[in-house]
Amino acid sequence: RKLVGKNILRIKPYKPGKPIEELKRELKLKQVIKLASNENALSPSLKVTSAIKNSLSSLNRYPDDTCYYLKKKLAGRLGFSPSNLIIGNGSDEIIALTLRAFLNPAEEVVIARPTFLIYEIVAKIAGAKIKYVPLKDLKYDLKSMAEAVTKKTKIIFVANPDNPTGTYLTGDEVRLFLAKVPKEVIVYFDEAYFEFADVPDFPDTLKLINKRNIITTRTFSKIYSLAGLRIGYGLANKQIIGYLNRVREPFNVNSIAQVAALAALDEKDCLRQTLKMVKEGKKYIYNELEKIGLKYVPSATNFVLIDLGKNSRIVFNRLLKRGIIVRDMRAWKLDNFIRVTIGTMSENKKFIKAFKEVSR
């Protein structure tokens, strides 16, 4: 304790959703459904798994440090130069790289509360002063976030759509927000659930990349079914990307992840299947919750935040005993809520059946 950095003593380690194998071991269960970590319930396509298998013989070599082919393909698809892109070990890594590259001692970051927990954790590691802005009706309060900016503010984190609430910010809301934020402040848009936001007024932050100090990150973990390979990407102006690369670890993205992501970008049918599954699954769960009389937060993502009206821990533990893993929201100070990832329809029905039993 005397040796560890003072910043580290301020941190509560991130606790991910319980793995399926861990619950099987603990309770000696044969069947377990995981609806806790917002993963894609559908496995990667045959084309993706074949590409992975074909790459295995070269595992004795280091991966391409620049992710040349993946950057080139993404750049062409999104209308950017490869120099506007950085590839990360999940988009989470790019959050840490941003603080590592741009934050000086005593500078501030602005984050909502509650929101994605990694913003707070990496900011504390970096020694940042954190200014918290509470959500308003479970949605980002952009007006108050802009008002929280001072001369010491360096970075503002904005999750859109948000995790854990599933709410989203419109293009008009983002435009008004940016008009109030000084241009020297870096605004970080975390769009991990971008593909699920089937709404007409979702902001196109990529149009602002070369106009302001904006970083937009997305991931292959959700819509592309590659959570186990940890690969995401970020877009920003060329100067910002250059500084992020200065602090990036060499070979940060493994060769299998690069090959899989390249193949996944061609799988339009798989994306359509996922979006169809999520849309139908949300509709089913919404209807069932309304029958029970429980409140939920309408979601622009692949998960639903459910208000139990009482301490969620009891329901969470009872579901575990039935082999169903959801997310207990106490780490976000949402003690009456659980978060449920949309699964296959079979998984959704098993969840609702068990949920009704344990909620009595």
Side-chain angles (χ1 to χ4, degrees), residues 10-18 23 33-39 92 95 109-124 130-145 148 156-169 190-193 196-197 222 278 281-282 285-286 288-290 292-322 324-343 348 351-352 354-356 358-359:
R10 301 165 56 203
I11 296 166
K12 290 183 179 179
Y14 180 79
K15 188 176 181 181
K18 186 181 285 288
L23 186 61
I33 295 171
K34 186 181 179 187
L35 303 174
S37 299
N38 307 337
E39 298 147 328
D92 288 9
I95 299 169
V109 301
V110 176
I111 64 174
R113 178 182 267 181
T115 189
F116 187 42
L117 296 177
I118 298 299
Y119 308 147
E120 179 180 17
I121 292 172
V122 295
K124 284 182 176 179
I130 304 174
K131 300 193 80 173
Y132 299 98
V133 178
L135 298 183
K136 189 175 182 180
D137 299 322
L138 292 177
K139 186 174 177 180
Y140 268 62
D141 183 357
L142 289 185
K143 181 176 181 293
S144 295
M145 291 183 81
I156 305 174
F157 286 104
V158 179
N160 195 30
D162 181 39
N163 173 20
T165 65
T167 57
Y168 76 97
L169 300 164
D190 181 350
E191 296 183 356
Y193 300 92
F196 297 104
K222 311 299 182 183
V278 169
K282 280 198 292 191
I285 288 178
Y286 290 171
E288 292 299 318
L289 292 174
E290 287 166 9
I292 301 170
L294 283 180
K295 295 179 181 179
Y296 61 88
V297 181
S299 174
T301 67
N302 67 334
F303 60 83
V304 181
L305 188 66
I306 302 172
D307 186 352
L308 303 181
K310 58 185 177 182
N311 194 303
S312 63
R313 192 66 183 174
I314 296 171
V315 171
F316 171 77
N317 284 326
R318 287 176 178 174
L319 286 171
L320 284 182
K321 291 178 181 178
R322 285 165 171 75
I324 298 176
I325 309 169
V326 297
R327 201 72 154 106
D328 172 17
M329 299 306 295
R330 290 183 304 163
W332 288 263
K333 309 299 182 187
L334 296 169
D335 293 356
N336 292 341
F337 291 78
I338 58 172
R339 192 190 66 199
V340 180
T341 307
I342 305 302
N348 298 333
F351 159 70
I352 288 294
F355 181 68
K356 288 177 179 178
V358 303
S359 300

Chemist: Give, for atom CD1 of I338 and atom OH of Y296, the distance between the pair rounded to the nearest 0.5 Å.
Modeler: 14.5 Å

Chemist: Under 6.0 Å between ring centres, would you say that holds for F303 and Y193?
Modeler: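 Yes, the ring of F303 comes within the 6.0 Å limit of the ring of Y193, centre to centre.
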
Chemist: To the nearest 0.5 Å, how far apart are CZ in R113 and CD in E120?
Modeler: 5.5 Å

Chemist: Considering only heavy atoms from C-beta outward, does the side chain of K12 approach that of L117 to under 4.5 Å?
Modeler: no

Chemist: Using a strict cut-off of less than 4.0 Å between a Lys/Arg side-chain nitrogen and an Asp/Glu carboxylate oxygen, indicate whether K139 and D137 qualify as a salt bridge.
Modeler: no

Chemist: For a side-chain contact (heavy atoms from CB on, under 4.5 Å) check, start with the C-alpha distance between I111 and Y132, then their side-chain angles and the critical distance, and finish with the verdict.
Modeler: CA-CA 5 Å; I111 64 174; Y132 299 98; 3.6 Å; yes

Chemist: Rounded at 0.5 Å granularity, tell me how far CE in M329 sits from OG1 in T165.
Modeler: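 The OG1 atom of T165 is 9.0 Å from CE of M329, to the nearest 0.5 Å.
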
Chemist: For G166 and P161, which heavy atoms make the closest approach, and how far apart are they?
Modeler: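 Scanning both residues, the minimum pair turns out to be O-CB, 4.3 Å.
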
Chemist: Got more than 12 heavy atoms from elsewhere within 6.0 Å of CD1, I314?
Modeler: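 Open.
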
Chemist: Considering only heavy atoms from C-beta outward, does the side chain of P298 approach that of Y168 to under 4.5 Å?
Modeler: no

Chemist: Tell me if a side-chain donor or acceptor on S312 pairs with a main-chain N or O of D335 at a distance below 3.5 Å.
Modeler: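 Present.
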
Chemist: Kindly say whether I342 contributes a backbone atom to a donor-acceptor pair with the side chain of N302 at under 3.5 angstrom?
Modeler: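 Pair absent, no side-chain N/O of N302 close to backbone of I342.
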
Chemist: Between Y14 and F116, how do the two ring planes meet: parallel, tilted or perpendicular, split at 30° and 60°?
Modeler: perpendicular

Chemist: Evaluate the side-chain proximity of E39 to T341: yes if any heavy-atom separation is below 4.5 Å, no if none is.
Modeler: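 T341 does not reach E39 side chain to side chain.
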
Chemist: Check the pair F355 / L308 against side-chain contact (heavy atoms from CB on, under 4.5 Å), numbers first and verdict last.
Modeler: CA-CA 11 Å; F355 181 68; L308 303 181; 3.5 Å; yes

Chemist: Taking A36's backbone N and O only, do any of them form a donor-acceptor pair with R339's side chain (distance below 3.5 Å, no angle check)?
Modeler: yes

Chemist: Quick check for you: to the nearest 0.5 Å, what is the distance between M145 atom CE and D141 atom CG?
Modeler: 8.5 Å

Chemist: So, taking the atom named NZ in K356 and the one named CZ in F351, what distance separates them when rounded to the nearest 0.5 Å?
Modeler: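 Reported to 0.5 Å precision, the distance equals 10.5 Å.
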
Chemist: Could you walk me through whether L305 and L334 satisfy the side-chain contact (heavy atoms from CB on, under 4.5 Å) test, starting with their C-alpha distance in whole Å, then the side-chain angles of each, then the deciding distance to 0.1 Å, before giving a yes or no?
Modeler: CA-CA 10 Å; L305 188 66; L334 296 169; 4.3 Å; yes

Chemist: Do T115 and Y140 pair up side chain to side chain, a donor and an acceptor below 3.5 Å, judged on atom types alone?
Modeler: yes

Chemist: Show, in sequence, the C-alpha distance, side-chain angles and deciding distance for D162 and T167, and conclude whether the side chain to side chain donor-acceptor pair (under 3.5 Å) test is met.
Modeler: CA-CA 6 Å; D162 181 39; T167 57; 4.6 Å; no

Chemist: As a quick check of understanding, evaluate side-chain contact (heavy atoms from CB on, under 4.5 Å) for I325 and L320, giving each step before the final call.
Modeler: CA-CA 6 Å; I325 309 169; L320 284 182; 4.0 Å; yes

Chemist: Might you point out which heavy atoms bring A354 and I324 nearest each other, and give the distance in Å?
Modeler: CB-CD1, 3.5 Å

Chemist: Return the CG to OG1 distance between N160 and T301, rounded to the nearest 0.5 Å.
Modeler: 11.0 Å

Chemist: Check for me whether R327 meets the cation-pi criterion with W332, that is, NZ or CZ under 6.0 Å from the six-membered ring centre and within 45 degrees of the ring axis.
Modeler: no

